[in-house]
Amino acid sequence: MKTDFLQLAASRQSDRAYDTGRVVEPEKLEHILEAACLSPSACNAQPWKFVVVTDPGLAAKVGKAAAGLGMNKFAKEAPVHILVVEESMNITSFLGAKIKDKYFPLIDIGIVAAHITLAAESEGLGSCILGWFDEKEIKRLTGIPANKRLLLDIIVGYPAKEKRKKSRKPKDKVISYNHY
């Protein structure tokens with residue numbers, strides 16, 4: 001089990017090219033969304049809603065809204081967009097956030113993004129987490145209420161390119177034991 005998870009973590013990458021001839025199978029997408037729904041959150045608040053864009057025409061429009069100023073051009077070809085909308089905290093998460101001066105929904109949504117991308121990798125799919133997009137335009141296209149925050153667009157599809165060599169900082173630069 002440990003080796004399988006490490007292999008999954010090592011193979012997952014941010015894919016920036018997708019095979020436009022391959023459709024993501026609904027059962028694979030359902031597994032990814034099930035993993036997202038199982039993601040932990042502070043006080044089990046689950047402060048998210050997923051708007052899943054699979055319609056090819058709408059996906060192209062959302063992808064266009066995610067591309068701008070030379071960023072995320074590849075999003076136009078992604079067959080699936082999982083839009084992560086911030087929802088309200090429950091009362092215990094809200095109180096904990098106030099007491100500890102930590103905004104738990106952002107942490108929780110980071111965790112759910114990891115679940116989504118690792119689940120996609122386990123299904124043989126590529127993914128990329130986007131935070132750069134035209135939020136107003138995507139809200140308009142998908143009916144997300146104006147008063148909601150659209151935090152992430154996680155694109156999913158079959159990668160069109162081979163895996164890259166993963167580059168990470170040396171462990172001694174990011175890990176210490178018992179003190180900083």
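Any value given below was found using the heavy atoms of this structure, including those in side chains, with hydrogens, waters and symmetry copies removed.
Around CG of N178, the count of heavy atoms belonging to other residues, nucleotides or ligands within 6.0 Å does not exceed 12. Remark: K100 NZ is loosely packed, at most 12 non-hydrogen atoms of other residues, nucleotides or ligands lying under 6.0 Å away.
Side-chain polar atoms of S11 and E121 form a donor-acceptor pair below 3.5 angstrom. K161 and Y18 are not linked by any side-chain donor-acceptor pair at a separation below 3.5 angstrom, with hydrogens and angles left out of the test. Side-chain atoms of S127 and R12 form a donor-acceptor pair, as typed in the model, at a separation below 3.5 Å.
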Exercise for review: Step by step, work out the side-chain contact (heavy atoms from CB on, under 4.5 Å) result for E87 and V85.
Suggested key: CA-CA 6 Å; E87 293 293 329; V85 180; 3.9 Å; yes

Exercise for review: Take W132 and L69 through the test side-chain contact (heavy atoms from CB on, under 4.5 Å) and record every step on the way to the result.
Suggested key: CA-CA 10 Å; W132 176 284; L69 298 178; 3.8 Å; yes

Practice item. Run the numbers on L151 and L106 for side-chain contact (heavy atoms from CB on, under 4.5 Å), then give the verdict. Key: CA-CA 9 Å; L151 293 178; L106 293 181; 3.6 Å; yes

Practice item. Quick one: do I82 and L29 satisfy side-chain contact (heavy atoms from CB on, under 4.5 Å)? Show the steps, please. Key: CA-CA 10 Å; I82 301 174; L29 190 52; 4.2 Å; yes

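Put simply, L95 and Y103 are part of the same group of oily side chains (I, L, V, M, F, W, Y) that touch within less than 4.5 Å, one to the next. V84 is connected to V52 through a chain of hydrophobic side-chain contacts under 4.5 Å among Ile, Leu, Val, Met, Phe, Trp and Tyr, so both are in one cluster. Side-chain heavy atoms closer than 4.5 Å link hydrophobic residues (I, L, V, M, F, W, Y) into clusters, and following such links, possibly through other members, connects W48 to L33. Cluster membership for L152 and F104, using ILVMFWY side-chain heavy atoms within less than 4.5 angstrom, is not shared. Hydrophobic clustering keeps M71 apart from I155 (ILVMFWY residues linked when any side-chain heavy atoms are closer than 4.5 Å, directly or through intermediates).
D134 contributes no side-chain N or O that, together with a main-chain N or O of A65, makes up a donor-acceptor pair within less than 3.5 Å. Using a distance-only test at 3.5 Å, with no hydrogens or angles considered, a donor-acceptor pair links the side chain of N90 to the main chain of S93. Not one N or O on the side chain of K148 forms a donor-acceptor pair closer than 3.5 Å with the backbone of K49. Side chain of R164 to main chain of S14: a donor-acceptor pair is present (N/O by atom type, distance under 3.5 Å, no hydrogens or angles). Distance alone, capped at 3.5 Å, is enough to place a donor-acceptor pair between the D108 side chain and the A42 backbone. Using a distance-only test at 3.5 Å, with no hydrogens or angles considered, no donor-acceptor pair links the side chain of H115 to the main chain of A35.
Using a 4.5 Å cut-off on side-chain heavy atoms (C-beta onward), E86 and I109 make contact. Contact check for D15 versus C128: no side-chain heavy atoms found under the 4.5 Å cut-off. Residues Y158 and V23 have side chains not in contact (no heavy-atom distance under 4.5 Å, counting atoms from C-beta outward). Within the 4.5 Å cutoff, no side-chain heavy atoms of F133 are placed close to those of K64. In this structure, the side chains of R140 and I138 stay at 4.5 Å or more apart for every pair of heavy atoms. Counting only heavy atoms from C-beta outward, the side chains of I32 and F50 never approach each other to under 4.5 Å. The closest side-chain heavy-atom distance from K28 to L125 is below 4.5 Å. The side-chain heavy atoms of T142 and L83, taken from C-beta on, include a pair separated by under 4.5 Å.
Remark: S39 OG to Q46 CD distance equals 9.0 Å, nearest 0.5 Å. Here the NZ atom belonging to K163 is positioned 8.0 Å from the NZ atom belonging to K166, to the nearest 0.5 angstrom.
Ion pairing between a basic and an acidic side chain is recognised when a charged N comes within 4.0 Å of a carboxylate O; K61 and E137 show no such pairing.
Minimum heavy-atom separation, P105 to P47: CA-CG, 3.8 Å.
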